[in-house]
Amino acid sequence: KCLESLINQTLNEIEIIVVNDGSTDNSLNILQEYAQKDKRFKIINKQNYGPGSARNTGLDNATGEYIMFLDSDDYYELNACEVAYNYMQDNSNCDIGIFSYNNIFKDKKAINWRYKYIEDMASGTNNHKMYIFLSTLWNKIYNKTFLNKYNIRFNEELKTAEDTIYNYFHYFNNPNFGFIPQSLVNYRCTENNTLSSTTKVSESDIHAFKSIYNSNEFKKQTVETQLLIVEHFLSNLNLHLNKFRKSKDYKKIKNTVNQFYKFLDSKYPSKALEQIDIYKEYKRNNSKIRKVLQSIFSITNTANKTHKQV
């Protein structure tokens, strides 16, 4: 369905770059069949170096004016490229166009909440650009001149959140945003289609945050902007905690998240972090747990002070 949505776009003048990142199934044969039917396909084979490397390969081989990303389990509306391209042409100062998308649950469509943010931004009632810009690549069209000017590429060491980090480096260079209200891409929401279904995601996300925290570009940002990025990562970690609450690995994930909070405590004043609601809730809950334990247990020295007694 992904490939069909590409070859049937109403805009014919597109370049379809497909990076076969070390697939071990029948993917390459399928791609070659499509390439024989449609000369717009450019297939690039490489070893499995991960999503960041695959996307950089696509960027390095792109010859068009604009870049759009599409994951293999998602698909475009048939007019997606035409609508996005025409918008960028009509708004020549736009560096990044952001459009809404459909979440697909068992073949049923549901307009994502981001649509409301796009409407608000377009009408000028919400100037909080960060919240609709984060995370996803596939609901955007990028001006290639802008990303080449600032040499914006993917971090190939990251296994998750490489798309979020990529978008942050755009944001740090003050791009001009555009907002396209139409839903142009369909995102399949399944339980096990990405790394987000594994317990390793928390560690990977924290590694991704630390990679951007240590960058010179991040350090140049205001504390307010840095805290918005902290808030975004805390929100994702909170979602993962809730998702795996009944998992046998929950305690391990919880410990990983606790270490991240300690890392933040070592980098930012508590007064600054307490501006983040998720952080405040975390601290409040931990405080309640400590008080409950203190009300149940009392630890004192034995008479000879050689042992602790409960």
Side-chain angles (χ1 to χ4, degrees), residues 49-62 65-69 88 93-98 114 117 121 126-179 195 201-237 259-273 275-276 278-279:
Y49 290 120
S53 175
R55 286 171 173 145
N56 281 338
T57 299
L59 288 174
D60 293 339
N61 285 273
E65 296 177 78
Y66 307 107
I67 302 290
M68 295 171 71
F69 296 95
M88 298 296 279
N93 67 332
C94 181
D95 299 310
I96 301 168
I98 307 173
R114 290 170 190 253
Y117 278 89
M121 294 289 282
N126 186 335
N127 62 358
H128 203 348
K129 295 177 183 177
M130 186 74 83
Y131 273 111
I132 66 166
F133 186 67
L134 299 176
S135 297
T136 57
L137 299 169
W138 35 258
N139 72 325
K140 297 174 179 65
I141 179 169
Y142 299 82
N143 189 321
K144 197 174 73 170
T145 300
F146 182 86
L147 64 91
N148 284 342
K149 178 181 178 180
Y150 294 102
N151 193 31
I152 303 171
R153 291 294 187 270
F154 291 89
N155 185 332
E156 299 187 6
E157 294 181 0
L158 300 179
K159 300 302 180 184
T160 64
E162 82 290 336
D163 45 1
T164 301
I165 302 302
Y166 179 78
N167 279 334
Y168 280 140
F169 281 107
H170 278 85
Y171 184 83
F172 292 162
N173 288 292
N174 299 311
N176 291 316
F177 295 92
F179 305 100
L195 185 61
V201 71
S202 298
E203 292 178 0
S204 297
D205 276 4
I206 291 170
H207 176 63
F209 174 82
K210 290 181 178 180
S211 77
I212 196 172
Y213 177 85
N214 291 322
S215 70
N216 291 329
E217 290 86 347
F218 182 86
K219 294 172 182 177
K220 293 176 184 177
Q221 305 305 307
T222 65
V223 173
E224 180 184 14
T225 296
Q226 291 183 23
L227 290 177
L228 284 172
I229 295 174
V230 169
E231 181 178 13
H232 175 241
F233 275 90
L234 288 180
S235 178
N236 279 348
L237 289 172
Q259 291 301 313
F260 183 59
Y261 276 94
K262 290 180 180 179
F263 171 81
L264 294 176
D265 287 335
S266 71
K267 302 299 181 182
Y268 294 97
S270 58
K271 188 175 182 179
L273 289 170
Q275 299 175 43
I276 303 173
I278 297 173
Y279 178 89

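Between the side chain of Lys144 and the backbone N or O of Ala62 there is at least one donor-acceptor pair closer than 3.5 Å. Checked by atom type and distance alone, the side chain of Asp163 never pairs as donor or acceptor with a backbone atom of Thr136 at under 3.5 Å.
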**OP:** Run the numbers on Asp60 and Arg153 for side chain to side chain contact (heavy atoms under 4.5 Å, CB included), then give the verdict.
**Re:** CA-CA 10 Å; Asp60 293 339; Arg153 291 294 187 270; 3.4 Å; yes
**OP:** Tell me, with the steps shown, if Phe172 and Phe169 meet ring-ring contact (aromatic ring centres under 6.0 Å, His included).
**Re:** CA-CA 5 Å; Phe172 292 162; Phe169 281 107; 5.7 Å; yes
Original post:
Going through the distances and angles, do Phe154 and Phe69 end up as a ring-ring contact (aromatic ring centres under 6.0 Å, His included)?
Top reply: CA-CA 13 Å; Phe154 291 89; Phe69 296 95; 5.6 Å; yes
**OP:** Show your working on side chain to side chain contact (heavy atoms under 4.5 Å, CB included) between Ile278 and Leu237 and close with a plain yes or no.
**Re:** CA-CA 10 Å; Ile278 297 173; Leu237 289 172; over 6 Å; no
Original post:
Would Gln259 and Lys262 count as a side chain to side chain contact (heavy atoms under 4.5 Å, CB included) if you check the C-alpha gap in whole Å, the side-chain angles of each, and the deciding distance to 0.1 Å?
Top reply: CA-CA 5 Å; Gln259 291 301 313; Lys262 290 180 180 179; 3.8 Å; yes
Original post:
Passes side chain to side chain contact (heavy atoms under 4.5 Å, CB included), Asp205 versus Phe260? Steps please.
Top reply: CA-CA 10 Å; Asp205 276 4; Phe260 183 59; over 6 Å; no
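Classification of the Tyr142-Tyr166 ring pair by plane angle, with boundaries at 30° and 60°, yields perpendicular. Ring-plane geometry between Phe179 and Phe177 is classed as parallel, the angle between the planes falling under 30 degrees on a 0 to 90 degree scale with a further cut at 60.
Under the side-chain contact (heavy atoms from CB on, under 4.5 Å) test applied with His232, the options Ile229, Asn236, Leu228 reduce to a single match, Asn236.
Considering CD of Gln226 and NZ of Lys219, their distance stands at 10.0 Å, rounded to 0.5 Å. In this structure, the separation between CZ on Phe146 and CG on Asn174 is 7.5 Å, given to the nearest 0.5 Å. A distance of 5.5 Å separates CG in Leu264 from CG in Leu234, rounded to the nearest 0.5 Å. Annotation: the span from Leu158 atom CG to His207 atom NE2 amounts to 5.0 Å, rounded to 0.5 Å. Ile67 contributes atom CD1, which lies 9.0 Å from atom CD1 of Ile141 (distance to the nearest 0.5 angstrom). The line from OG of Ser53 to CD of Glu157 is 11.5 Å long, rounded to the nearest 0.5 Å.
Side-chain contact check for Arg55 versus Leu137: some heavy-atom pair is nearer than 4.5 Å. Side-chain contact between Phe263 and Ile206: absent, with no pair of heavy atoms (C-beta onward) separated by less than 4.5 Å. Proximity of Met88 to Glu65: side-chain heavy atoms (C-beta onward) are nowhere separated by under 4.5 Å.
Residues Leu59 and Ile152 share a closest heavy-atom pair of CD1-O, 4.3 Å. When every heavy atom of Ile276 is checked against every heavy atom of Glu231, the shortest pair comes out as CG2-CG, 3.8 Å. Considering all non-hydrogen atoms of both residues, Met68 and Lys140 come closest at CG-O, 3.8 Å. Of all heavy-atom pairs between Ser204 and Lys159, the closest is OG-CB, 4.3 Å. Of all heavy-atom pairs between Gly178 and Cys94, the closest is N-SG, 3.4 Å. Of all non-hydrogen atoms in Asn143 and Tyr66, the two that sit nearest each other are CA-CD2, 3.8 Å.
Remark: Lys267 is not positioned above the aromatic ring of Tyr213, lacking an NZ or CZ atom under 6.0 angstrom from the ring centre and at most 45 degrees off the axis.
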